[in-house]
There are 2 protein chains.
Amino acid sequence: MEIGNETGRAADNVVAALEAKIVSGELENESPLPAERELMEQFGTSRTVIREAISKLSSRGLVETRPRFRPIVRKPDYATVLHACGNVVQHLLTEKSGIKNLYDSRVFIERALVREAASSARKDDIVDLKSALEENRKAIPDSLEFYRTDVAFHGVLYRIPKNPIFPAIHEGYTSWLAPQWDRMLRSPERNEVNYIAHKAILDAILERDPGAAEEALTNHLKAAWEFVRVTFDWGDE
Amino acid sequence: MEIGNETGRAADNVVAALEAKIVSGELENESPLPAERELMEQFGTSRTVIREAISKLSSRGLVETRPRFRPIVRKPDYATVLHACGNVVQHLLTEKSGIKNLYDSRVFIERALVREAASSARKDDIVDLKSALEENRKAIPDSLEFYRTDVAFHGVLYRIPKNPIFPAIHEGYTSWLAPQWDRMLRSPERNEVNYIAHKAILDAILERDPGAAEEALTNHLKAAWEFVRVTFDWGDE
DNA sequence: AGCGCCTTTTGGTATGACCAAACTTTGATG
DNA sequence: CATCAAAGTTTGGTCATACCAAAAGGCGCT
């Protein structure tokens, strides 16, 4: 009866409707979705369709579903979107080449980020970098804490362009490449090496030398990859 | 009886099984999935969970579903993954700020790409660039063809790092930002301007001058954005 | 072979039922 | 009165069955 039902996909209407209600805030963020049986009455359709719609919303990151709980509404932001993509990306990381490609892309991005930082970081960016580096230094004895501050230091770089896409990408990299870092965690002797590398990057940024910053960053990440590669006992990539 | 069935998610088992069969090639790429009723017999489960599993596979880009057709197996590659992410990303592009952020990230990436091209493009890369530019020049009178060659020219840049992730990203940008380009298509007088910009970029690459290449690229994309912005009659971003 | 018609297959949807886990209410208890 | 455990209710996950319309496939006719 409803207009717009041309093609056989009843669930899409429900998806669109709920989608609208979520982005408009009519369905409040972080709050549970109405019960399926209520939705099916509300939309005048069967539970089959409702469930399929919820499944689609879930895979789009608009709701978060746990096995036996009510779905939770998630207003889309860059982080949840990247997280939703993670489910899709994971297939490409089962082979070494996929991981290598992803890591290389990270190196590529961060090279550009440190260039950007060196050429146009603002005062507060510099403050953030210094503070992140200091946290990093203090955490050298504690591998777990060092990992956290390591990620945080790189995270500051991703925030410098003031584009929310980049922090989201950073989250993607750290979560998708996390399994590899586990090995690094168990090698505390690497902490000081990595700290020194971070310091070299920051020094180059402070001197406003994009080339040096890029080189320092490249050396840092290449060394980290080499370490992981050897630890995993991979042949040459 | 099967191990790994701890948590109440029967569909996940089916997803995992089909997933494995797809990546292993047991389910041939580009060929249709078995019928739902056959799968339900094969897995000893109801059609409900089979359908849910197929829906999940679809949203992960492992199968492609058209409304009333058999799902088609799609072995995951970077392009299909990016395409699958497109459904998720679209929410962020409904506002101007989302488009602006995405476009800025593109500028950021391509700046790094042309630097890379200028500093380490190989002979065949140069050949590709020259040929793409020539195609671009010849297409100046035909806006539709010009658009195609324009995309192709930028695409060559994304292929230079020899990392399949970048061409996939390029596909993402071109498809996600396509609506904006429509306006550009109807302004053939822009074609020559854009061609000249492309030529300037290539010239800088040929001179192995990363800085000049980055600047030329930046000018090119900033101008294109400005044109779109004015045409759309947006205020300042 | 090419083409239109008819049968079968198959995806999309609707119902209704059942279970187990989550949630809510209730009521006994200290 | 606050606490907490038991009983009752809701609700997501699954199953079985049925029906429809469109796609696929077969069949006969030209």
Side-chain angles (χ1 to χ4, degrees), chain A residues 1-19 21-22 27-28 30-74 84 87, chain B residues 1-19 21-22 27-28 30-74 84 87:
Chain A
M1 292 315 156
E2 317 86 79
I3 52 178
N5 193 7
E6 338 77 8
T7 164
R9 232 12 183 251
D12 287 351
N13 297 2
V14 180
V15 168
L18 291 178
E19 201 174 313
K21 289 192 178 184
I22 290 177
L27 285 174
E28 207 169 348
E30 307 281 322
S31 68
L33 216 59
E36 295 179 357
R37 289 168 173 87
E38 187 176 335
L39 289 172
M40 89 185 239
E41 183 182 356
Q42 183 175 331
F43 287 98
T45 179
S46 73
R47 201 144 81 92
T48 312
V49 172
I50 297 296
R51 300 199 97 253
E52 182 172 339
I54 291 180
S55 169
K56 272 211 156 89
L57 288 175
S58 164
S59 62
R60 293 192 191 183
L62 288 172
V63 301
E64 192 179 319
T65 61
R66 278 187 307 160
R68 280 209 158 259
F69 292 75
R70 296 275 283 277
I72 304 292
V73 173
R74 284 262 182 266
N87 301 329
Chain B
M1 291 314 152
E2 317 86 77
I3 52 181
N5 194 8
E6 335 76 7
T7 164
R9 232 14 183 248
D12 287 350
N13 296 1
V14 180
V15 169
L18 291 177
E19 200 174 314
K21 290 192 178 185
I22 290 177
L27 285 175
E28 206 168 348
E30 308 280 321
S31 67
L33 217 58
E36 294 180 358
R37 288 167 174 87
E38 187 176 335
L39 288 173
M40 90 185 236
E41 183 182 356
Q42 183 175 332
F43 286 98
T45 180
S46 74
R47 202 142 82 91
T48 311
V49 317
I50 297 295
R51 300 198 98 253
E52 183 173 338
I54 291 179
S55 170
K56 273 211 156 90
L57 289 174
S58 165
S59 62
R60 293 191 189 183
L62 287 171
V63 301
E64 192 179 322
T65 62
R66 275 188 306 159
R68 281 212 161 254
F69 292 76
R70 298 275 284 276
I72 304 293
V73 173
R74 285 264 182 264
N87 303 329

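Given the structure is predicted, the values throughout are model-derived calculations rather than measurements. So that the names make sense, note that chain A is the first sequence line, chain B the second, and so on, each numbered from 1.
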Quick one: label Arg47(A) by what it contacts on the DNA or RNA (base, sugar-phosphate, nothing), any heavy atom closer than 4.0 Å. base
Does the side chain of Arg51(A) get closer than 4.0 angstrom to OP1 or OP2 of dG12(D) through an N or O atom? no
Pro71(A) vs Thr48(A), nearer the 5' end of DNA chain D by closest nucleotide: Pro71(A)
Contacts of Arg70(B) that satisfy side-chain hydrogen bond (donor to acceptor under 3.5 Å, both in side chains) - sequence neighbours left out: none
Tell me, please, which residues at least two apart from Glu41(B) pass side-chain contact (heavy atoms from CB on, under 4.5 Å). none
To the nearest 0.5 Å, what is the distance between CG (Leu18(B)) and CG (Asn13(B))? 11.0 Å
In whole angstrom, give the distance that lies between atom CD1 of Ile54(B) and atom P of dG11(C). 7 Å
Close residues, residues 33-45 of chain B, relative to DNA chain D [heavy-atom separation under 4.0 Å]: Arg37(B), Thr45(B)
Residue pair Val15(A) / Lys56(A): nearest heavy atoms and the distance that separates them: CG2-CB, 4.0 Å
Roughly, in whole Å, what's the span from CD1 in Ile72(A) to P in dG12(D)? 11 Å
Rounded at 0.5 Å granularity, tell me how far CD in Glu19(B) sits from CG in Asp12(B). 10.0 Å
Closest heavy-atom pair, Ile54(B) versus Val63(B), reported as atoms and distance to 0.1 Å, is O-CG2, 4.0 Å
Could you give the CD-to-P distance, from Glu52(B) to dT14(D), as a whole number of Å? 6 Å
Those residues that, when tested against Ser59(B), pass side-chain contact (heavy atoms from CB on, under 4.5 Å) (two or more places apart): Ser59(A)
So, does Arg9(B) get its side chain near the phosphate of dG13(D), meaning an N or O under 4.0 Å from OP1 or OP2? yes
Can you list, in residue-number order, the parts of residues 55-66 of chain B that come under 4.0 Å of DNA chain C, counting heavy atoms only? none
Test side-chain contact (heavy atoms from CB on, under 4.5 Å) applied to Pro34(A) - qualifying residues, sequence neighbours left out: Leu27(A), Glu38(A), Leu39(A)
Report yes if a donor N or O on one partner sits less than 3.5 Å from an acceptor N or O on the other, where the partners are the side chain of Arg68(B) and the base of dG11(C); otherwise report no. yes
Hey, can you pull the donor-acceptor pairs under 3.5 Å for the side chains in residues 42-50 of chain B, sequence neighbours left out?
from: Ser46(B); atom 1: OG; to: Thr48(B); atom 2: N; distance (Å): 3.4
from: Arg47(B); atom 1: NH1; to: Glu36(B); atom 2: OE1; distance (Å): 2.6

